[in-house]
Amino acid sequence: MTIAEKLSFDVQLSDHARTAAEREQVLADPGFGQTFTDHMISIDYTEGQGWHDATLRPYGPLSLDPATSVFHYAQELFEGLKAYRQITGSIVTFRPYANAARFNRSAGRMAMPELPEETFVDSLELLVETDRAWVPTTEGHSLYLRPFMIATQAGLGVNYPSKSYKYMVIASPAASYFTGGIKPVSVWLSTEYTRAAPGGTGFAKCGGNYAAAFVAQRQAVQNGCDQVVWLDAHEHRYVEEMGGMNLFFVFRDKLVTPALTGTLLPGITRDSILELAGDLGLETEERLLSIEEWQSASEAGELTEVFACGTAAVVTPVGTVKGVDRSWTVADGTPGPVTMRVREELMGIQYGTRPDSHSWVHKIV
Ligand SMILES: *Cc1c(COP(=O)(O)O)cnc(C)c1O
């Protein structure tokens, strides 16, 4: 079957799916990314043949040759989005075509094949519909969806990208990041390490970016901070991102966010907040913002709030900032009103308690 045709999935239902009681036990305290649903999606790609063997089958391990390309050269990419149970009982995802488009932009950078957007969204729909009992009913909880693609050719030749790939989707019930109130995070300014440089893979959602980031995250924790803040590779001055989240700076009623220079990951939450800002009567600006400006505007009281945003934790306030030779607090270090308003609006659309005026919600069942 070619990519032009809509793939039809071979469905193999699990004969060892967990019982309702076992599932409820997991859903009572799901954590994040620890337990997976009963099924998974798999689609193979072979050069010359295109995408084929689309299946939904029981969740379980893969068997791969130890020489498989992904283990050695990290030709891999992923996506992350959630399925929400709305107050009406419907199960929805949020802007899945935006994830499909970003998946293909990442694929272009990693010399991997594109997957038709329809196939990407169909695969999510099929998995969520099949495992819909795993979508939590608790407020603020969701089913986290993890589509990814790996290079599967066996062999150690380094000169060419793999000729075969596997696309998969797995799903995991997720608790709200914040249990017992929203708590601002402390951040460490990383001047020793760099996440991404011009011409590199910063805009692609690939595992390699994360592999290179763990050492800086560990350093942040050693310095008593929750998260690392990445700065530009050249001057170590301009703010890029916080861990796996984008950043927003609140200057009274203006939202400033670092411009997408090619080294930042273009978050769908970031993009959505830029659009929502207008609805909330906030101005927006995408530009460079230095750590000197962050510190001086905080101290002058012009910068009133800072928050990070991403699918997993939605909107997270930033309270204190620390670097090798400086540290300061944003306003009084507590979650600010703009941060909380943006968070409520976004989650309200996702959970169906606010009108979806941008048509972002994609109904599955
Ligand atoms: C995924 C990701 C984000 C957030 O993207 P969303 O689409 O909003 O979830 C931000 N930064 C990095 C490095 C990421 O990997």
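Remember, it's 1-based here, ligands and their atoms both numbered in the order they're listed.
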Output yes when the distance from some N or O of ligand 1 to some N or O of Arg102 is under 3.5 Å, and no in every other case. yes
Would one find an N or O of Ile268, backbone or side chain, under 3.5 Å from an N or O of ligand 1? yes
Tell me the protein heavy atom at minimum distance from atom 8 (O) of ligand 1, and give that distance in Å. Thr269 OG1, 2.6 Å
Identify the closest protein heavy atom to atom 10 (C) of ligand 1: which residue and atom is it, and at what distance? Gly244 O, 3.1 Å
What's the shortest distance from atom 9 (O) of ligand 1 to any protein heavy atom, and which residue and atom give it? Thr311 OG1, 2.6 Å
Strictly distance-based, threshold 3.5 Å: is any side-chain N or O of His39 a donor or acceptor partner for the main-chain N or O of Val11? no
One finds that the ligand 1 atoms under 4.0 Å from a non-hydrogen atom of Arg195 are 13 (C)
Ignoring hydrogens and angles, state whether a donor on the side chain of Gln75 or Tyr165 is under 3.5 Å from an acceptor on the partner side chain. yes
Do any nitrogen or oxygen atoms of Tyr210 come within less than 3.5 Å of a nitrogen or oxygen of ligand 1? yes
Taking the six-membered ring for Trp, are Phe94 and Tyr84 closer than 6.0 Å centroid to centroid? no
Ring geometry between Tyr167 and Phe120 (parallel below 30°, tilted from 30 to 60°, perpendicular above 60°): tilted
Residue and atom name of the nearest protein heavy atom (relative to atom 14 (C) of ligand 1), distance in Å to one decimal: Lys205 NZ, 3.0 Å
Considering heavy atoms of the protein only, find what lies nearest to atom 5 (O) of ligand 1 and give residue, atom and distance to 0.1 Å. Gly267 CA, 3.4 Å
Under 3.5 Å between some N or O of ligand 1 and some N or O of Glu241? yes
Keeping the roles fixed (side chain from Asp53, backbone from Ile43), state whether a donor-acceptor pair exists under 3.5 Å. no
So, Phe78 versus Tyr210, ring centres under 6.0 angstrom or not? yes
Side chains of Asp38 and Trp134: is there a donor and an acceptor less than 3.5 Å apart? yes
